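Just so you know, these numbers come straight off a predicted model, no measurement behind them. Any value given below was found using the heavy atoms of this structure, including those in side chains, with hydrogens, waters and symmetry copies removed.
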Amino acid sequence: MSQNPEFFYMENTWEHGGHELKVWSKDGVKVIPRPQKPYCFVPYASTGTTSGYKDAIYHQPTYKREFENPKDVNEYAHAGNNTWEADIPYIRQCMMDQDWKIGTVPKAYVDIEVDDSKGVPRAEKDPIICIGIIFDDGREVYLTGDEDKMLDDFIDLMKTVGMIITYNGGTDVWETRSFDLPYLSKRYKKGKEPRYQFDKALRHCAFVDLYQIYKYEMGRVGKSLAGGYGLDNVCKVELGKGKIEHTEKFSEMTPEKLKEYNMQDIRILKELDEKFSFTDLQIDMARLTNLCLVAWRKNRKWHELSPLIMVDQLVLKESRSLNLVFPNRSFEKSQSIVGAFVLEPKVGLHKGVQNFDVKQMYPSIMIHERISPDKKRVIIPNILVRLKEKRAELKARYNETKSKQDYVTQYNYKVLANTIYGAFQNPSSRIYDRGLAQFVTKMGQDIIKKTMAVAKDMGYDTIYSDTDSVFLQVPKESAGDICDVFNVKIQPYELEAGEYYDSILFVGDATGGIKKRYAGLTDGDLKIVGMEAIKRNYTVLSREAQTLTLWKILNGVNVADCDKCVRNLRYAMHEGNYDNWLVITSGVKAISEYKVKYRKDGGASKLPPHARAMKMALDMGYPQTYDIQYVKTKTDVAPVLETEPFPTDIDYEWYYDRQIRAPIDQIFNSVAIQNGTYQKPKAIAKKTASKSILDFMSS
């Protein structure tokens with residue numbers, strides 16, 4: 001047997017009476033002898049083979065106790081016996097001990113089209129009419145005809161695939177609000193427990209939803225996408241091309257057009273993945289941590305590789321290299337800790353502001369202060385040093401290429417390093433320790449406060465501070481020299497100069513500045529943090545109006561001139577010129593998940609607007625989705641549906657007050673607060689078409 005067999009998924013065969021491992025690879029499925037017996041560690045007083053390993057926390061000696069079956073390990077631990085690492089799945093144990101890493105992972109990008117001749121398709125009654133597949137080696141397969149044969153052929157084609165990639169939604173690929181995989185599973189065999197049959201046939205595959213990955217990646221870098229996260233809109237933004245437009249139903253398309261439409265969806269899906277290397281990165285991270293992409297399976301629901309599982313494996317690998325073993329996870333109740341230090345911003349417009357960041361603050365604290373749950377206090381620092389070095393290498397490459405792919409790659413190493421801090425706060429983590437998490441946070445506060453004190457001694461004003469960064473009004477050419485002074489004063493920690501803002505606006509109200517909400521011009525680009533212009537639950541018109549206003553204010557245009565533009569927009573809205581720009585896109589749960597609240601008078605509360613719109617769509621025969629688009633009318637809300645006429649009776653005044661004036665007035669108010677001309681708006685009994693909040697704050 002090879003010491004590192006080529007594979008992308010493994011499972012044991014004990015359930016069938018065998019003592020082998022079943023191995024899936026690009027060359028097919030094979031069986032190999034098991035490399036070791038399942039085991040756990042037990043106290044020194046127990047019988048067993050001496051291991052030479054000690055408990056990582058208290059350094060008491062342990063023995064390694066072997067079993068014939070992984071289930072025996074679980075039963076022994078659940079019987080109340082004192083054990084260490086009895087909760088590690090057998091395959092993870094093998095991959096860690098044998099230093100096995102997954103090899104080539106064949107990918108398949110998949111999209112289906114279904115019979116829509118009777119209206120909105122339902123998996124219980126409407127068949128699949130085609131399945132398109134593009135493999136990562138460029139092969140294209142288009143299945144159509146008899147549905148049962150299509151599904152059988154699909155399963156056969158997936159036997160040597162390690163990753164199935166779709167563009168769905170919901171919280172996971174099996175959720176009702178997703179589409180392709182739940183639909184395929186419900187149509188497969190159409191017998192008893194069809195989902196189980198389908199799931200079992202594809203147990204070796206990792207299911208990847210690029211909708212969720214793209215949305216998550218954009219969210220964590222503080223960006224939102226105007227027009228929502230549908231595949232057509234995302235690919236138009238990122239690739240400059242989208243889906244093939246059509247007006248007829250799928251059931252009415254010619255076979256040639258249906259095939260081209262279906263395959264085009266998959267081509268842009270594959271191109272989107274390749275642009276950002278989303279799935280390649282998942283594979284790299286699995287190799288880094290000696291894990292399969294399918295980490296474990298529970299209740300017929302696949303749980304894909306997660307940062308917490310990767311941290312767990314890194315901790316176990318490092319402890320084993322030091323002849324230490326960790327206790328089983330305890331799942332204690334979570335307790336809150338004191339958060340990071342955030343200084344309230346100075347409201348208004350500021351010129352020449354440099355952002356200084358503490359380099360990887362929390363990981364650096366854990367390295368320099370030797371924060372680790374083991375008695376020697378070395379496991380976590382050792383892991384973080386390697387991750388930090390790898391990220392520095394990847395970040396240097398990104399600084400040269402400026403490609404989104406390289407940015408995502410280096411950023412994920414940062415996320416993995418920060419996840420270790422998060423694991424200290426997570427009760428389901430093996431290294432959960434509220435005291436250590438609290439210590440790291442407190443050290444972070446001290447570093448930022450010391451940095452601010454040094455800045456004050458140097459004569460520089462701190463405009464704002466947030467977690468691991470400070471914003472100072474300094475000359476741009478002095479940023480490097482200032483960094484050098486800081487790094488002497490706060491060593492062993494280190495600052496680096498981030499963005500330099502030629503102008504930056506921090507918003508607030510009469511009570512003070514609002515944290516994590518600002519916008520600034522840096523190298524000619526507009527960067528927006530926390531404001532409505534980057535939030536998808538605001539309309540396109542709202543985001544565009546606020547963005548344009550920010551551009552003008554940051555470039556020195558006065559408030560009065562900006563306000564004239566905003567007021568003119570009201571009349572254009574009433575003319576119906578921007579109706580399509582008034583659509584609100586919102587995530588929505590299943591209607592049954594919304595709890596009705598009852599008032600003291602016995603009346604029941606309404607569903608939230610987006611849920612009401614979803615319920616209206618359901619009542620019209622449309623399926624539950626993960627997003628809903630709707631507009632506000634003068635009577636209620638109305639869903640915007642592809643096959644229905646665009647709603648009328650739009651409440652333009654509501655949009656103007658809530659979606660246009662409110663986001664923009666916070667900008668105007670912030671400038672007025674800074675220069676001392678702000679007046680609190682007076683309440684009026686009735687709004688008219690010619691009045692707005694700005695009328696009552698101007699003198």
Side-chain angles (χ1 to χ4, degrees), residues 214-215 217-229 233-234 236-238 240 345-357 398-399 402-404 407-408 411 463-464 466 469-474 476 479 497-508 513-566 568-569 578 581 585 659-674:
Y214 181 85
K215 182 179 176 182
E217 294 294 343
M218 294 302 103
R220 75 180 186 183
V221 296
K223 294 182 180 179
S224 183
L225 198 65
Y229 293 97
N233 186 56
V234 167
K236 282 179 178 177
V237 171
E238 299 294 354
K346 295 185 177 181
V347 178
L349 189 64
H350 305 275
K351 302 290 186 180
V353 174
Q354 176 71 58
N355 176 28
F356 293 95
D357 296 311
Y398 164 69
N399 288 334
K402 295 299 181 183
S403 76
K404 290 186 178 180
Y407 178 83
V408 171
Y411 196 85
I463 304 298
Y464 176 54
D466 182 6
S469 62
V470 292
F471 292 73
L472 306 177
Q473 270 190 309
V474 300
K476 186 174 185 179
E499 297 94 348
Y500 185 85
Y501 296 94
D502 296 306
S503 59
I504 186 169
L505 176 77
F506 291 100
V507 299
I514 302 175
K515 302 171 183 177
K516 302 181 186 296
R517 287 171 68 86
Y518 59 88
L521 292 177
T522 173
D523 291 331
D525 294 328
L526 177 62
K527 180 177 180 179
I528 303 173
V529 175
M531 299 182 72
E532 291 78 5
I534 60 170
K535 294 180 179 179
R536 68 190 293 251
N537 58 336
Y538 279 79
T539 65
V540 173
L541 186 61
S542 174
R543 293 194 294 261
E544 291 293 324
Q546 191 188 53
T547 300
L548 179 60
T549 303
L550 286 169
W551 267 109
K552 288 177 175 291
I553 293 294
L554 291 168
N555 279 291
V557 179
N558 63 53
V559 169
D561 289 341
C562 292
D563 184 52
K564 288 179 183 177
C565 297
V566 179
N568 290 335
L569 185 57
Y578 293 101
W581 290 35
T585 302
Q659 291 264 330
I660 305 299
R661 289 262 41 140
I664 289 176
D665 282 346
Q666 67 175 301
I667 300 170
F668 295 165
N669 292 349
S670 299
V671 176
I673 288 169
Q674 183 183 32

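Side-chain polar atoms of Tyr214 and Glu238 form a donor-acceptor pair below 3.5 angstrom.
Counted within 6.0 Å of OH on Tyr500, heavy atoms from surrounding residues, nucleotides or ligands total more than 12; the atom is thus considered enclosed.
Expressed to the nearest 0.5 Å, how far CG of Leu521 lies from CG of Asn555 amounts to 5.0 Å.
In this structure the side chain of Lys516 reaches within 4.5 angstrom of the side chain of Tyr464, judged on heavy atoms. Side-chain contact between Lys552 and Asp561 is absent, with no heavy atoms from C-beta onward closer than 4.5 Å. Here the side chains of Arg543 and Trp581 are not in contact, with every heavy-atom distance at 4.5 Å or above.
Taking both residues in full, the closest heavy atoms of Ala545 and Ile660 are given as CB-CD1, 4.3 Å, listed atom of the first, atom of the second, then distance. Among all heavy-atom pairs drawn from Leu554 and Ala519, the shortest one is CD2-O, 3.8 Å. Nearest heavy atom pair, residue Lys527 against residue Val529, reads CE-CG2, 4.0 Å. Residues Leu569 and Leu541 share a closest heavy-atom pair of CD1-CD1, 4.1 Å. Scanning all heavy atoms of the two residues, the minimum distance from Val507 to Gln666 falls at CG2-OE1, 3.6 Å. Contact detail for Gly530 and Ile534: the closest heavy-atom pair is N-CD1, 3.5 Å.
Using a cut-off of 4.0 Å between Lys/Arg side-chain N and Asp/Glu carboxylate O, Asp466 and Lys515 are scored as not salt-bridged.
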Item checked: side-chain contact (heavy atoms from CB on, under 4.5 Å) assessment of Val540 paired with Tyr578 -> CA-CA 10 Å; Val540 173; Tyr578 293 101; over 6 Å; no

Next item on the list: Starting from the C-alpha separation in whole Å, work towards a yes-or-no answer on side-chain contact (heavy atoms from CB on, under 4.5 Å) for Val353 and Leu472.
Entry: CA-CA 5 Å; Val353 174; Leu472 306 177; over 6 Å; no

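Glu532 places no side-chain N or O within donor-acceptor distance of the main-chain N or O of Tyr538, the cut-off being under 3.5 Å. Judged by distance alone, with hydrogens and angles left aside, the side-chain atoms of Asn558 form a donor-acceptor pair with the main-chain N or O of Ala560 at under 3.5 Å. Looking at Glu499, its side chain never comes within 3.5 Å of a backbone N or O of Thr522 through a donor-acceptor pair. A donor-acceptor contact shorter than 3.5 Å is absent between the side chain of Gln354 and the backbone of Lys476. The backbone N or O of Gly508 sits less than 3.5 Å from a side-chain atom of Ser670, completing a donor-acceptor pair.
Applying the side-chain contact (heavy atoms from CB on, under 4.5 Å) test between Thr549 and each of Asp563, Val566, Val559, Val557 identifies Val566 as the sole match.
Between Tyr518 and Phe506, the ring-plane angle classifies as tilted under the 30° and 60° cut-offs.
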